[in-house]
Every structure is written in C-alpha cells, then in structure tokens.
Amino acid sequence: MSTDTRSTDMDRDQGNGRDAGDGEGRDEGGADERYDAVVVGGGAAGLSAALVLGRSRRRTLVVDAGEPRNAPTAHMQGVLSRDGTSPADYLAAGRREIAAYGVEWRAGRVTGAAPDGRDGFTVSLADGTAVGARRLVVTTGLVDELPEIDGVAERWGRDVLHCPYCHGWEVRDRPFGVIAHPVMPAHQALMVSHWSKDVTLFLHTAGELSARDAALLDAAGVRVVTGEVAGLAVEDDALTGVRLADGRFVSRSVVFVGATRLAARDGVLRQLGAELRATPFGEFVAVDETGRTSVPGVWAAGNVTGPQEQVVNAVSRGYRAGAAINGELLLGDLEAAVAGRPTG
Ligand SMILES: Cc1cc2nc3c(=O)[nH]c(=O)nc-3n(C[C@H](O)[C@H](O)[C@H](O)COP(=O)(O)OP(=O)(O)OC[C@H]3O[C@@H](n4cnc5c(N)ncnc54)[C@H](O)[C@@H]3O)c2cc1C
C-alpha cells in the first residue's frame, strides 16, 4: 500500500474525510464517544468488516479480547495467498491495514450492549468505559469445548487436530488416531481416511456403530478399537500414542478429535435479544446473507454464526456485513435528509 493513503494525526483530527457530524460528542446513553460502527471481536471476520467500514469512511472502532480460535496452531492453512502464515502474523497484518484507514483498535472485552434510544447502541467494556455505536458487528467467534481426556487440551492445534482441511496435508500418511464423537462416531475417521491409509478409530464413550458406519469404515480401511481412552502419551514434545483405560497402548503420531461442544461466544447477541437457530452443532445466531441479525442495527459474522466458517469464509462474511452497514447508514441518512429528520 502506498504511504499516501495512510491516515496521519492531522487526518484523524480532521475526521479523515468522514462526515464530521456523525459520531461526535457524548452519547445520551453515557458513552464517551459515538462511532458509526463498533466491531466486537477483532479476528478474521471482525478485521474484514472493519477494513470495509474504514475504506467507506465510517468512523469505526474494533474492540478485541485477543483470543482468536486458531491461536494454538502455528500455521494457518487454506487461505489463498496466505497459506501457511501464522494466525498471529495474519491478524497483525489486518490490524495494520485497518489502521491505514483510520479505524481505531482497542484491546478489551465488550460486556454488553443496549439500545441508546437514538437508533444506535451503548456498548459497555470490561474496563468500565462505554462507547456509542450507530451499528454493531459482532464477530466474537466460538470456543471449542474439548473432551476431558488427558493430553487433548495440551496438544490441541499441534498434533491433536480437528479439521483435515486445516491440517490434513501437513500430517498426510502418518499414523492417525481418531477419538469418536459420541453423536457422529464414524464421521471424522471416514473424512481423515482420505489423508492417511493408517487410521485407527477409538470408540471411547461412543456406543455401538451402526451397520452402515461399520461398513463404511471397513471400506475406508479404518481399524476400530473399543474401550475408553485414558489419555495421550507424549515424549519429547510429540504425541506418541493413545493409552486406553484397560492398559492397552496404541502407537499414533496424530490424533483427530471433535469438540464436545462448539460454544458460540454470543453473550452480547443474546443480551440484545437476537434470534438463534438450532444447528446440529448447537444454537447459533440467525443471520441473513449479509450477516444481519433479527435485531435492527446488529450484524454478526464468522464463527459466532456457525462453526463451519473457516478463515476465508469469516473474512468474506465480515466484508458483507461491513458493506451492508455502510449501505444502510448511507441510504438511511439520505432518507432522513429528504424527510427533514435528524441523522446519526
Ligand atoms: C486449532 C485450530 C486450527 C485452525 N486452523 C485453521 C486453518 O488452518 N485455516 C482456517 O481457515 N481455519 C482454521 N481454523 C478455524 C479458524 O480459527 C476460524 O475460521 C476463525 O478463527 C474464525 O474467525 P472469527 O473472526 O469468526 O473468530 P476468531 O478468530 O475466534 O476471533 C474472535 C475474536 O473476538 C474476540 N472476542 C470474543 N468475545 C469478545 C468480547 N466480548 N469483546 C471483545 N472481543 C471479543 C476474541 O478474543 C477473538 O480475538 C482453526 C481452528 C482451530 C480451533
């Protein structure tokens, strides 16, 4: 990016070309500042929304608690042109890009949001401050609640993996173990059998396999081991195998396991009364294709809307939300001007 597009202190003082009337002054709800948009969560989805909003000359704040879902992993895969980049480097690049358009960034946690009575919201932060927002984008992600098996949390994102699209290529042809998910016991083993022909499925606490699952696993060449898993064995900072409760040991260098629950970090959305939808993975906020929730003025994007949003999808959804917000503000202000109503 050429330096002449970067904002300077003087740009910021002069509003960086934004509508100076919007977002200035103390908010009626007690907020110190009022933004066109506040983005709650600064991962892939939030940064992407912020980039569009900044480039749309919208006064935008990103508040981020700094716990992106893929933080435990060293390399982010499957992101075109950034394949293999570390998640931390990727997000740092995103923060530099949004700063170039005057978007503000605050490390912190949003604890709640409430309507401010003037077509916007008062957003409360854990440090006791509050800011005003005409529109909100919630991109707070989700938490993978892992099965309580000794070693799983410690090795998560390293040699305990969940997603073949994220990691399968890097561990291809190695001896895989898969710890069966109680709801879909065969699914993950069938998927990963495409990346290695040496796959052992540990039924752990899952019940008996259906005849169809057993046939599919057999066709995929997956061995099935019954009995509860006690833990993972690790030597020299590398996984060496799976220990069973009855004392058996099966040598493996990679283990795939699904989260027992994918818990959307949707506290702010629930507080605002956003509609949820039931999915096979649990409840997630209902959004339209632009990310608009059932609460007027509130958008959501990324993993808070569903577990299948990989980084590229999260970026795409964040982009759509940012563009939709700008469009709504723009047309809404013009409508208000025509009707002689105040804007912002
Ligand atoms: C181990 C692992 C490896 C993965 N590898 C890959 C991969 O290789 N390629 C790929 O495409 N995908 C990968 N993923 C999936 C990837 O993590 C997600 O696609 C991506 O993180 C979704 O982005 P997001 O912006 O929705 O959420 P996140 O990246 O989780 O960002 C949400 C942000 O919001 C912040 N936040 C939460 N609550 C609040 C609050 N109340 N106030 C302020 N901030 C808040 C969080 O701290 C976090 O920084 C992996 C996931 C895991 C678990």
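Heavy atoms only: backbone and side chains are in, while hydrogens, waters and symmetry mates are out. Just follow the structure's listing: the first ligand is 1, and inside any ligand the first atom is 1.
The closest protein non-hydrogen atom to atom 1 (C) of ligand 1 is Gly157 CA, 3.8 Å. In terms of protein heavy atoms, atom 11 (O) of ligand 1 is closest to Val311 N, 2.9 Å. Atom 28 (P) of ligand 1 has Arg69 N, 3.8 Å as its closest protein atom, hydrogens excluded (heavy atom only). In terms of protein heavy-atom proximity, atom 44 (N) of ligand 1 is closest to Ala65 N, 3.0 Å. Distance from atom 23 (O) of ligand 1 to its nearest protein heavy atom, with residue and atom name: Ala314 CB, 3.8 Å. The single protein non-hydrogen atom nearest to atom 27 (O) of ligand 1 is Gly141 CA, 3.7 Å, given as residue, atom name and distance. Atom 13 (C) of ligand 1 has Cys166 SG, 3.5 Å as its closest protein atom, hydrogens excluded (heavy atom only). With hydrogens left out, the protein atom closest to atom 31 (O) of ligand 1 is Gly43 CA, 3.5 Å, a heavy atom.
Below 4.0 Å from some heavy atom of Met76 lie the following atoms of ligand 1, by number and element: 8 (O). The atoms of ligand 1 that sit less than 4.0 Å from any heavy atom of Asn303 are 18 (C), 19 (O), 20 (C), 22 (C), 26 (O). In the vicinity of Gly302, heavy-atom distances shorter than 4.0 Å reach the ligand 1 atoms 26 (O). Heavy-atom proximity to Thr139, at under 4.0 Å, picks out these atoms of ligand 1: 32 (C), 33 (C), 34 (O). The distance from ligand 1 to the heavy atoms of Arg109 drops below 4.0 Å at these ligand atoms: 40 (C), 41 (N), 42 (N), 43 (C).
Leu203 and Val250 are assigned to two separate hydrophobic clusters, defined by single-linkage of ILVMFWY side chains at heavy-atom distances under 4.5 Å. Hydrophobic clustering, with ILVMFWY side chains joined whenever heavy atoms are under 4.5 angstrom apart, groups Val137 together with Leu329. No continuous path of hydrophobic side-chain contacts links Met184 to Leu161 [ILVMFWY only; heavy atoms under 4.5 Å].
Residue contact annotation: His162 has a non-hydrogen atom under 4.0 Å from ligand 1. For the pair Val63 and ligand 1, a heavy-atom separation below 4.0 Å is found. At least one heavy atom of Gly108 lies less than 4.0 angstrom from ligand 1. Residue-ligand proximity: Gly66 is placed with a non-hydrogen atom under 4.0 Å from ligand 1. The shortest separation from a heavy atom of Ala44 to ligand 1 is under 4.0 Å, placing the residue in contact.
By the 4.0 Å N-to-carboxylate-O rule, Asp237 lies close enough to Arg158 to be salt-bridged with it. With salt bridges taken as basic N to acidic carboxylate O contacts below 4.0 Å, none links Glu309 and Arg320. No salt bridge links Arg95 with Asp64; every basic N to acidic carboxylate O contact stays at or beyond 4.0 Å.
Summarising the contacts of atom 41 (N) of ligand 1 with Val62, Val110, Asp64, the nearest heavy atom is found in Val110. Relative to atom 34 (O) of ligand 1, the option among Pro307, Pro72, Gly41 with the closest non-hydrogen atom is Gly41. In this comparison of Val39, Leu47, Asn70, the heavy atom closest to atom 17 (O) of ligand 1 sits on Asn70. For the residues Gln310, Gln77, His167, Glu67, the heavy atom positioned nearest atom 15 (C) of ligand 1 is part of Gln310. Checking Val123, Thr73, Thr140 against atom 39 (C) of ligand 1, the nearest heavy atom belongs to Thr140.
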request  = Starting from the C-alpha separation in whole Å, work towards a yes-or-no answer on salt bridge (Lys or Arg N to Asp or Glu O under 4.0 Å) for Glu67 and Arg109.
outcome  = CA-CA 10 Å; Glu67 294 162 346; Arg109 186 174 297 279; 3.4 Å; yes
ask   = Hey, mind stepping through Asp150 and Arg243 against salt bridge (Lys or Arg N to Asp or Glu O under 4.0 Å) and telling me if it holds?
value = CA-CA 10 Å; Asp150 185 31; Arg243 288 185 287 109; 3.0 Å; yes
task = Apply salt bridge (Lys or Arg N to Asp or Glu O under 4.0 Å) to the pair Arg134 and Asp333, showing each step before the final yes or no.
result = CA-CA 12 Å; Arg134 296 182 68 195; Asp333 286 350; 2.7 Å; yes
inquiry  = Show, in sequence, the C-alpha distance, side-chain angles and deciding distance for Arg59 and Glu104, and conclude whether the salt bridge (Lys or Arg N to Asp or Glu O under 4.0 Å) test is met.
reply    = CA-CA 8 Å; Arg59 185 164 189 239; Glu104 293 174 44; 3.6 Å; yes
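Between the side chains of Asp127 and Thr129, at least one donor N or O lies within less than 3.5 Å of an accepting N or O. When only modelled atom types and interatomic distance are considered, Thr200 and Arg252 share a side-chain donor-acceptor pair under 3.5 Å.
Here the rule is side-chain contact (heavy atoms from CB on, under 4.5 Å) with Val63, and of Leu125, Val39, Val123, Val131 only Leu125 fits it.
Close N/O approach between Ala45 and ligand 1 is found [any backbone or side-chain N/O within under 3.5 Å]. For ligand 1, the polar-atom distance check finds no N/O of Val40 at less than 3.5 Å from any of the ligand's N/O atoms.
The CG atom of Asp266 lies 11.0 Å from the OG1 atom of Thr305; values are rounded to the nearest 0.5 Å.
Counting heavy atoms under 4.0 Å from ligand 1, residue Glu309 touches it through the backbone alone. With a heavy-atom cut-off of 4.0 Å, Asp144 touches ligand 1 through its side chain alone.
Using cut-offs of 30° and 60° on the angle between ring planes, the pair Trp195 and Tyr165 is perpendicular.
The heavy-atom pair separating Tyr90 from Ala44 by the smallest distance is CE2-CB, 4.4 Å.
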